[in-house]
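Remarks on the structure that follows.
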Amino acid sequence: MASPTFIYPEGSAAFPHRGLVGIAGLAPHEITYLLDEAEQWVELNRQAKKTRDLLAGLTIINAFFENSTRTLLSFEIAGKRLGADVVNMAVATSSVKKGETLIDTAMTLNAMHADAIVIRHASSGAVQLIADKVDCPVLNAGDGQHEHPTQALLDALTIRHAKRNFNGLVVTICGDILHSRVARSNILCLTSLGAEVRVCAPPALIPEAIDRMNVEVFHDFGAALKGADVVMMLRLQLERMQGQFIPSPREYRHLYGLTLDRLATAQPDALVMHPGPMNRGVEIDSNVADMVGRSQITTQVEMGVALRMACLEVLTRRARAVEGWA
Amino acid sequence: MSPSAPLVVTNGRLVRADGRIERGGVRCEGDRITALGAEVTPQGGDRVHDAGGQLIAPGLVDFGVFAIDKPAFHFGGITRAALMPDQSPPLDRPSSVRFAASSGKPDFWVHPLAAATRGLEGEKLAEIALMRDAGARGIATGRQWIGDSGTMLRLCQYAAMLGLTVCAHAEDAGIVGSAVATAGEMATRLGLPAAPAEAEALAIARDLAIAEMAGCAIHFRTVTTAAGLALVRQAKARGLSVTAGVTPAYFMLSDLATAAFRTFAHLSPPLRSEADRQAAIAALADGTIDVIASGHDPRGPEDKRLPFTDSAPGMAGAETLLPLTLTLVRDGVIDLGRAFALLATNPARLLGVPAGRLEVGAEADIAVIDPERPWIVDSQKMAASAGNTPFDRQPVQGRVIALFKGGARVGVKSA
């Protein structure tokens, strides 16, 4: 679809990282490399036969220490489409509940000689901690309020399919920025690619000094939407809130719900995005979420599988002794 | 020579109680200093220690430590420490206070700080008078703020009656919640639960008002922000009985040290901004801060090799207390005399113990110190029971070369 943005360095120099812990630390061309690599999998996934055996014989462990439905499923499908043996570690039945430390769990997974480990954890920095202790590539599927790099990459891929170019693109991210790892990764990714990012939320849900991440801060949703090319809505992470941050969901919708009327202040062809799970009628109205041609919410899910296939394929090249990557 | 023979430390540079540094020696009989100055000379039968021209200083008095870790304290020249009540179980009963008070003797003296409230839960007052008579040298709220102002007022009134200083933790609990970092760019990028630095000033403002109402002496164990230090400065100017402490981390490091989720830099209160670090240095220079303590809290991998949010706060600080304080002297922030006021004289005065200064009649707690000796902090080779220091691999200067507690030589790990 979109043509390669860069002429990339040879072999592993195109993506020299062992794992994918965050967007922080990735150069812009490394981000576009993963996006470009994902394009072939977007195509494949639209075919009748959508499996390959590129990763046949490799073991990928999905270790999710925090509940997940869509991300876990997306990683599982991505691994299986590439022919890998995918194992999911369910936290509810794991020894983590028996008091085992995170490091011990990581060492156990490592001793099983996984070829890649995908980790989600409720604490910021937990994925880096594990990545430092294991021999195989580690992919961050979300750590606390820190980063969720594959979500940001799949969002960028989605935007690129619709808009082609990031330069000067105005992206408004509205919702619980404070507790959102999706917001942080997206801010890093989109600003790195040249987009202009706005964040919008009541003050209690905006982290201190977020403007230092090259974003513009808004509390007035109408102003934040004006002229936006992409509107990315985030849910309220009530499970992470200690104390009261907003009076009620109804009042939140009154100020920050994406309604048809509000969307009209954005560009006429503005994209509507949401990483899910959505709370319809709170941060986004159903008639906006379901707008054909404008809502990218299901496209995001589609791109997610392809993007994660790209990440798994690229990061296992060393293990597979791919020429130039061994 | 019997071990009870008089001790004479000769040929040194004496740190006098008034802050002057002068050539001379110290003579001790029993556990007390009996003479000091240029005229001190050994007599027959004395035990003689030649200081070799190095500093003869009072043993350091460490106000606010979380563990009794003798090898680390001795390495750092510390002969007495005020033990925080944050133990397991907390020091909230006379029996545990009495046990703690005798736990280091003879070569290290522990001065327990009594828990202000039972279980350090901030609700019911603990049996403070009984604990005082069991050896407690002050009252501490622990590593938390007493949220209920009524409880804090009654505590301060009671402390004033008993003549005990209240050692308070300056973080407004409602604002801090479960935060582990100071709100700012670093915490935002790392996605760490963070609270604004102003939580400290809010807590200090309330506690100062309460201490003034109650007429009680209050000591803020670690004051780490510009706004908090300004409040202490103003209160002192008004003549309130308030003192403030800090640990070297807050004048050496900012929240940048938490980059890459380094749990050794997870402290309580959390590391602050660069501007606050500069404010701490200014407050050390102008006398707003009275005490530099180690906050010694050795924590092994079971507490530190965890995600940042889940890790325990605290650092092993006893070994680096002296050399890091001496950086202030080298940078011209304070002079050598004031360094020992901060490290020994002032904390001893707060505890009401006859130590922390070299003068006739004081306890013969003496450290012979080479203030220039270079060494490199190595978390793998610490005297402490755990090596959780954010200063790992840092070159420092200043080492204790001999230590005496009550006139008796104490072995110091040379590493």
Side-chain angles (χ1 to χ4, degrees), chain A residues 21-25 65-66 99-107 119 121-133 140 142-148 177-185 187-188 199 203-204 206-215 217 237 240-245, chain B residues 144 147 171-200 225 227 254-266 270-276 299-313 388:
Chain A
V21 175
I23 300 294
F65 297 89
E66 192 184 57
E100 184 175 79
T101 69
L102 186 57
I103 293 284
D104 287 333
T105 308
M107 298 309 283
I119 299 164
H121 196 280
S123 291
S124 303
V127 176
Q128 180 68 58
L129 187 69
I130 297 176
D132 292 343
K133 299 287 168 197
N140 184 356
D143 64 325
Q145 307 169 21
H146 178 225
E147 283 230 46
H148 190 353
I177 311 292
L178 178 69
H179 296 104
S180 177
R181 53 199 175 209
V182 174
R184 283 172 179 77
S185 285
I187 288 168
L188 292 166
V199 295
I206 295 275
E208 182 102 353
I210 188 90
D211 54 309
R212 302 273 299 175
M213 296 179 78
N214 301 314
V215 299
V217 177
Q237 301 202 37
R240 292 190 204 276
M241 292 185 194
Q242 291 191 332
Q244 210 177 6
F245 285 68
Chain B
Q144 54 256 310
E171 282 189 292
D172 183 299
I175 288 185
V176 169
S178 58
V180 294
T182 304
E185 183 182 357
M186 185 53 70
T188 291
R189 284 184 184 273
L190 294 177
L192 292 175
E198 287 77 2
E200 179 177 281
T225 65
S254 71
D255 59 358
L256 287 178
T258 59
F261 301 100
R262 289 182 64 211
T263 57
F264 284 5
H266 178 191
L271 286 169
R272 307 299 193 183
S273 68
E274 176 61 18
D276 285 327
R299 296 277 182 170
E302 66 281 7
D303 289 323
K304 284 294 191 181
R305 207 191 290 156
L306 294 170
F308 195 94
T309 317
D310 308 333
S311 66
N388 52 314

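Numbers restart at 1 for each chain; the letters A, B, ... are given by sequence-line order, proteins then strands.
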_B/T263 portion near chain A, given a 4.5 angstrom heavy-atom threshold_ =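 Neither part; nothing is under 4.5 Å.
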*Look only at the side chain of A/N140 and the backbone of A/G22, and say whether a donor-acceptor pair between them is shorter than 3.5 Å.*
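No.
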*Can you check whether B/G191's main-chain N or O pairs, donor with acceptor, with A/S124's side chain at less than 3.5 Å?*
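Side chain of A/S124 to backbone of B/G191: a pair is present.
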_I'd like to know if the side chain of A/D104 pairs up with that of A/T101 as donor and acceptor (distance under 3.5 Å, no hydrogens or angles considered)._
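Side chains of A/D104 and A/T101: pair found under 3.5 Å.
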*Look at A/H146, A/R181, A/Q145, A/H179 and state which one has the largest set of heavy-atom pairs under 4.5 Å with chain B.*
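Answer, by heavy-atom pair count under 4.5 Å with chain B: A/H146.
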_Looking only at heavy atoms and a cut-off of under 4.5 Å, which of A/A209, A/A122, A/G144 has the most pairs with chain B?_
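The option with the most such pairs is A/A209.
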*Any salt bridge between B/D276 and B/R272, counting N to O under 4.0 Å?*
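The answer is no: the pair does not qualify as a salt bridge.
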Region of [X] in contact with chain B, defined by heavy-atom distances below 4.5 Å:
X      : answer
A/L129 : side chain
A/L188 : side chain
A/H121 : side chain
A/R184 : side chain

*Considering only heavy atoms and a distance below 4.5 Å, find which of B/L192, B/T309, B/D310 pairs most often with chain A.*
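Option with the top pair count is B/D310.
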*Partner chain A: residue of B/A194, B/G177, B/P193, B/A183 with the largest heavy-atom pair count (under 4.5 Å)*: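 When all of B/A194, B/G177, B/P193, B/A183 are compared, B/A183 has the most.
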*What heavy-atom pair brings A/I130 and A/A106 nearest, and what distance separates the two atoms?*
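Between these two residues, the closest heavy atoms are CG2-CB, 3.5 Å.
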*Of the non-hydrogen atoms in A/I177 and A/A183, which two are nearest, and what is the gap between them?*
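Distance-wise, the nearest heavy atoms are CG2-CB, 4.1 Å.
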*Evaluate the side-chain proximity of B/F308 to B/L190: yes if any heavy-atom separation is below 4.5 Å, no if none is.*
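Heavy-atom side-chain distance check fails, nothing below 4.5 Å.
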